[in-house]
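What follows is one structure encoded as C-alpha cells, with my remarks underneath.
Labels below follow one simple rule: chain letters A, B, ... track the order of the sequence lines, proteins then strands, and each chain is numbered from 1.
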Number of protein chains: 2
Amino acid sequence: MRAFNRFYTRVIGVLQAGMHDLPYSLTEGRVLYEVAHAGSLETGELRSRLDLDAGYLSRILTRFDGDGLIIRERSAADARKHLVRLTPAGREAFEALDRASTDDITRLLAGLPEDGRERLLDAMRAIRDVLDPPAGPRTTLIRPPRDGDLSWVVHRHGVLYAREYGWGRDFEQLVARVVADFDPACDALWIAEVDGRPAGCVFYIRKDGTTGQLRLLLVEPSARGLGLGRRLVEECLRHARADGRERVVLWTRDCLTSARRVYEAAGFRLDSQEKGSENGIEVTEQMWSVDL
Amino acid sequence: MRAFNRFYTRVIGVLQAGMHDLPYSLTEGRVLYEVAHAGSLETGELRSRLDLDAGYLSRILTRFDGDGLIIRERSAADARKHLVRLTPAGREAFEALDRASTDDITRLLAGLPEDGRERLLDAMRAIRDVLDPPAGPRTTLIRPPRDGDLSWVVHRHGVLYAREYGWGRDFEQLVARVVADFDPACDALWIAEVDGRPAGCVFYIRKDGTTGQLRLLLVEPSARGLGLGRRLVEECLRHARADGRERVVLWTRDCLTSARRVYEAAGFRLDSQEKGSENGIEVTEQMWSVDL
DNA sequence: CTCTCATGGTTGACTGAAGCAATGAGTTTA
DNA sequence: TAAACTCATTGCTTCAGTCAACCATGAGAG
C-alpha cells in the first residue's frame with residue numbers, strides 16, 4: 001500500500017506538472033472548481049469543503065476579485081457572510097483550467113492499451129468504494145437478467161464459495177450446468193443490484209408437475225444485511241405462484257447458515273438431509289420446501 | 001479519473017497528517033527512505049530519483065548531517081561527488097518514520113470491512129499494472145486448471161465476447177454447457193497465465209471414435225501478441241496425439257480472425273461453413289479440422 | 001434599547017518547502 | 001596548463017499556508 005502511495009503521488013505529480021503553465025496554483029484551481037460547480041457559494045462553506053485557512057482563502061478570493069474572476073457580495077440573510085460566484089471571465093478561467101487538466105489525463109490515457117482504461121477506472125471506483133463507502137442508503141434493485149449476467153453468476157459463485165467454503169471444481173460445474181440448462185421460456189432469474197452493480201441472484205426453475213425449484217441464491221458479502229436475500233426469495237416465490245406452482249423446493253447445505261435464515265423466514269421447512277462429501281470435505285445436503 | 005485524483009490526494013493527505021508529530025517533512029522522509037534502502041548512495045543519484053533541486057537536497061543533507069543521521073563523504077573515484085549513508089541514529093530515525101507510516105496504514109485498514117483490504121490491494125495492483133506496466137518480458141505459463149479456473153473461463157468468455165461482438169445470453173449458456181460437461185477423466189483444459197494471472201484458456205474434448213475437439217480458445221486482449229494462442233493450441237494437439245486421436249476438429253466463427261490465423265498456423269483447414277444468425281446478428285459458423 | 005459575546009471575514013507577520021542563480025572546488029579535455 | 005565542464009554549496013527569492021490581531025455584523029440578556 002505504501003508502494004502504491006509513493007507511486008500514485010508521482011502520477012499525480014506528473015499530471016499537475018502539465019498544468020504549470022497556467023497561472024493558478026493547485027489550491028486556487030480547487031477554489032475555482034468548487035465555485036464553478038456550486039454556482040454561488042458562501043465562503044464559509046467553501047472553506048470547510050476545501051479545508052482551507054480563512055485568511056488564506058480570503059487572500060485568494062481578493063486576488064480573484066481583483067482579476068475580475070469572481071464577484072463577492074454580502075449575504076442578504078446574514079451580512080457577515082459573503083457569497084461568491086464566478087464572472088464570465090472566471091468561468092472562462094475555470095474552463096481553461098478544466099481543459100488543461102482534461103488534456104493531461106487524455107494524454108495519459110491515450111498511451112494505455114485497449115482495455116487498460118476500463119481496468120483503471122474500475123480499480124479507482126473500487127478503491128473509492130472501499131475507503132469511502134457511499135454514505136446514504138445504498139440503492140438496491142431486483143431486476144430481470146441482462147446479457148453478461150449469466151457469466152457473472154457462474155464467476156461469483158465460483159469465487160465466493162471457493163473462498164468461504166473451499167468448494168472447487170465440482171461446485172463450479174454444478175453452477176455452470178444450472179446456467180447452461182436455464183431456459184428463459186419457463187425458468188426465471190433475478191439479479192440484485194446495489195448502486196447499479198450486480199450483488200446477488202436467484203434462479204427459479206420449473207420442475208415437473210406442480211413444483212418449482214429455487215436455485216443458486218447468492219448475495220455478495222459486501223451487500224449482505226440489506227435484505228436482498230429475502231427480496232430475491234420473495235420474488236422467486238411470487239413468480240412460482242404466478243407460474244401455477246403449488247410447491248417450491250430447494251437444495252442447500254447446512255453450512256450456509258445465513259441463507260437458511262432467509263429460507264425459514266420465507267416459510268421453507270426442512271424436509272430431509274443426508275451427509276455426503278465433496279473433495280474430501282464433509283457436507284450435509286438439505287432439502288427444503290414450502291407450500292404456496 | 002479526476003474525481004479519483006482529488007479523492008486520493010485527500011487520502012494521502014490524511015495519512016501524512018498522522019505523521020505530523022515526527023520532525024520530518026515528506027521530502028525528508030523520502031530521502032531517508034531512499035538512503036536506507038540503498039545503503040550507500042551518491043547524492044546525484046538521490047537527486048535524480050527524488051527529482052529534487054540540488055540546493056534543496058544539499059540543505060536537507062546538511063541538516064541530517066548536523067543531526068547525526070547521515071554521514072557524507074567524498075567519493076574516492078571522483079572527489080566532486082559525495083556518498084551518503086545512514087548512521088545508526090539515522091537508521092533509527094528511518095525506522096521510527098517507517099513504523100509511524102505502517103501504523104497509520106494499519107489503522108486505516110483496520111477500519112475496513114472483511115473483504116475490503118483484498119479489494120483495495122487488488123485495485124491498487126491493477127492501477128499500477130495499467131499505468132506503469134512492469135517493464136521486462138512478461139512471464140507466461142501454460143498450466144493445467146485449478147479451482148476457480150472454470151468460473152473464470154465462463155466469466156471472461158461472457159464479458160469479452162459481449163464486448164467485442166455483442167454476443168449475449170445464448171453464447172454464455174453455450175460456454176456454461178461446455179464447462180458443465182467438462183470431464184477431467186477424458187477431457188482437458190489449459191490455462192495461460194501472464195505474470196501469474198489467468199490470461200487465456202483452451203479445452204480439449206474427447207469425441208467419439210478417433211476424433212478430438214478443441215473448444216473455447218480464448219486469449220485476453222491485454223495478453224495478445226505473446227504467442228499464447230499458438231501455445232495453447234499446440235498443447236491441445238499434443239494432448240490429442242497422446243490421447244490416441246487421429247483428428248482434431250473445432251467450430252469457430254468467421255469474425256474471429258486472429259483465432260483463425262492461429263488455427264491455420266497449427267495446420268487446421270476449413271472443412272465447411274454455413275450462415276446462421278444469433279440474436280439477429282449474422283454469423284458464419286465454420287468447421288475446421290487437422291489430421292494428426 | 002444597549003451591552004456583551006459569538007461568528008465571519010480581513011489583514012499583517014511569519015514559517016517552511018522549494019526553486020534559481022552565483023560561486024567555488026574538483027575533473028576532464030584540448 | 002588553460003578552458004570547459006560537473007558537482008555541491010550558499011544566498012536570495014517565491015509560494016503555499018498558518019497564526020494572531022482586528023473589524024464588522026448578528027443574537028441574546030438585561
Side-chain angles (χ1 to χ4, degrees), chain A residues 9-10 12-14 16-35 40-67 70-85 97, chain B residues 6 9-10 12-14 16-17 19-35 40-67 70-85 97:
Chain A
T9 303
R10 219 161 43 236
I12 293 177
V14 168
Q16 274 159 18
M19 294 166 58
H20 255 345
D21 45 348
L22 285 162
Y24 306 110
S25 77
L26 174 59
T27 312
E28 291 171 333
R30 294 201 300 156
V31 171
L32 274 182
Y33 175 90
E34 288 292 339
V35 177
S40 167
L41 201 56
E42 290 182 5
T43 51
E45 174 66 16
L46 194 53
R47 212 178 55 228
S48 68
R49 277 201 211 175
L50 300 178
D51 192 29
L52 288 180
D53 176 73
Y56 185 35
L57 177 59
S58 170
R59 249 181 279 270
I60 290 175
L61 292 179
T62 306
R63 183 148 19 96
F64 280 178
D65 204 349
D67 293 353
I70 61 165
I71 293 176
R72 270 189 296 186
E73 54 194 4
R74 310 221 128 174
S75 164
D78 183 342
R80 287 170 306 181
K81 300 182 178 180
H82 286 193
L83 287 177
V84 182
R85 69 200 148 73
L97 201 65
Chain B
R6 272 196 301 280
T9 304
R10 220 161 43 236
I12 293 177
V14 169
Q16 274 157 17
M19 293 166 58
H20 254 345
D21 45 350
L22 285 162
Y24 307 110
S25 78
L26 173 58
T27 311
E28 290 171 333
R30 294 202 299 157
V31 171
L32 274 181
Y33 175 89
E34 288 294 337
V35 177
S40 166
L41 202 54
E42 288 182 5
T43 53
E45 174 65 17
L46 194 53
R47 210 179 55 228
S48 68
R49 278 201 210 175
L50 300 178
D51 192 31
L52 287 179
D53 175 71
Y56 184 36
L57 177 60
S58 168
R59 249 181 279 269
I60 290 176
L61 293 180
T62 306
R63 185 147 18 96
F64 280 177
D65 205 350
D67 293 353
I70 60 165
I71 292 176
R72 269 189 297 186
E73 55 195 2
R74 309 222 128 173
S75 164
D78 183 340
R80 287 170 307 180
K81 298 182 180 179
H82 286 193
L83 287 177
V84 182
R85 67 199 148 75
L97 202 64

Within this structure, what is the CG-CZ distance for the pair A:Leu41 and A:Arg85, rounded to the nearest 0.5 Å? 12.5 Å

Could you pull out all donor-acceptor pairs under 3.5 Å where a side-chain atom in residues 76-83 of chain B meets a protein atom, sequence neighbours excluded?
unit_1	atom_1	unit_2	atom_2	d
B:Asp78	OD1	B:Arg80	N	3.0
B:Asp78	OD1	B:Arg80	NE	3.1
B:Asp78	OD2	B:Arg80	NE	3.4
B:Asp78	OD2	B:Arg80	NH2	2.6
B:His82	NE2	B:Arg74	NE	3.4

In whole angstroms, how far is the C1' atom of C:dG8 from the CG atom of A:Leu46? 14 Å

So how far is it from B:Arg6 CZ to A:Arg30 CZ, rounded to the nearest 0.5 Å? 9.5 Å

Find the distance between CD (B:Glu45) and CD (B:Glu34) and round it off to the nearest 0.5 Å. 8.5 Å

Range on DNA chain D touched by chain B - first to last nucleotide, heavy-atom distance under 4.0 Å: D:dT6 to D:dC12

For the helix from C:dC1-D:dG30 to C:dA30-D:dT1, figure out the bend between the end axes, five pairs an end, and round to 10 degrees. 10°

Euclidean distance, A:Leu57 CG relative to A:Phe64 CZ, rounded to 0.5 Å: 9.5 Å

Result for side-chain contact (heavy atoms from CB on, under 4.5 Å) between B:Tyr24 and one of B:Leu97, B:Val31, B:Ile60 points to B:Leu97

Got a sec? Which of residues 72-80 of chain A come in under 4.0 Å of DNA chain D, heavy atoms? A:Arg74, A:Asp78, A:Ala79, A:Arg80

Strictly below 4.0 Å, heavy-atom distances to any atom of DNA chain C: list the hits from residues 51-61 of chain A, or just say none. A:Ala54, A:Gly55, A:Ser58, A:Arg59

Rounded to the nearest 0.5 angstrom, the CG-CG distance for A:Leu61 and A:Leu46 is 6.5 Å

For residues 52-63 of chain A, pull every pair meeting salt bridge (charged side-chain N to carboxylate O under 4.0 Å, His left out), keeping only residues two or more places apart or in separate chains. A:Glu28-A:Arg63

Please report the interatomic distance CG(A:Asp67) to OG1(A:Thr62), rounded to the nearest 0.5 Å. 11.0 Å

Can you tell me the distance, in whole Å, between the OH atom of B:Tyr24 and the P atom of C:dG16? 16 Å

Which whole-number value in Å describes the distance from A:Arg47 CZ to C:dT7 P? 12 Å

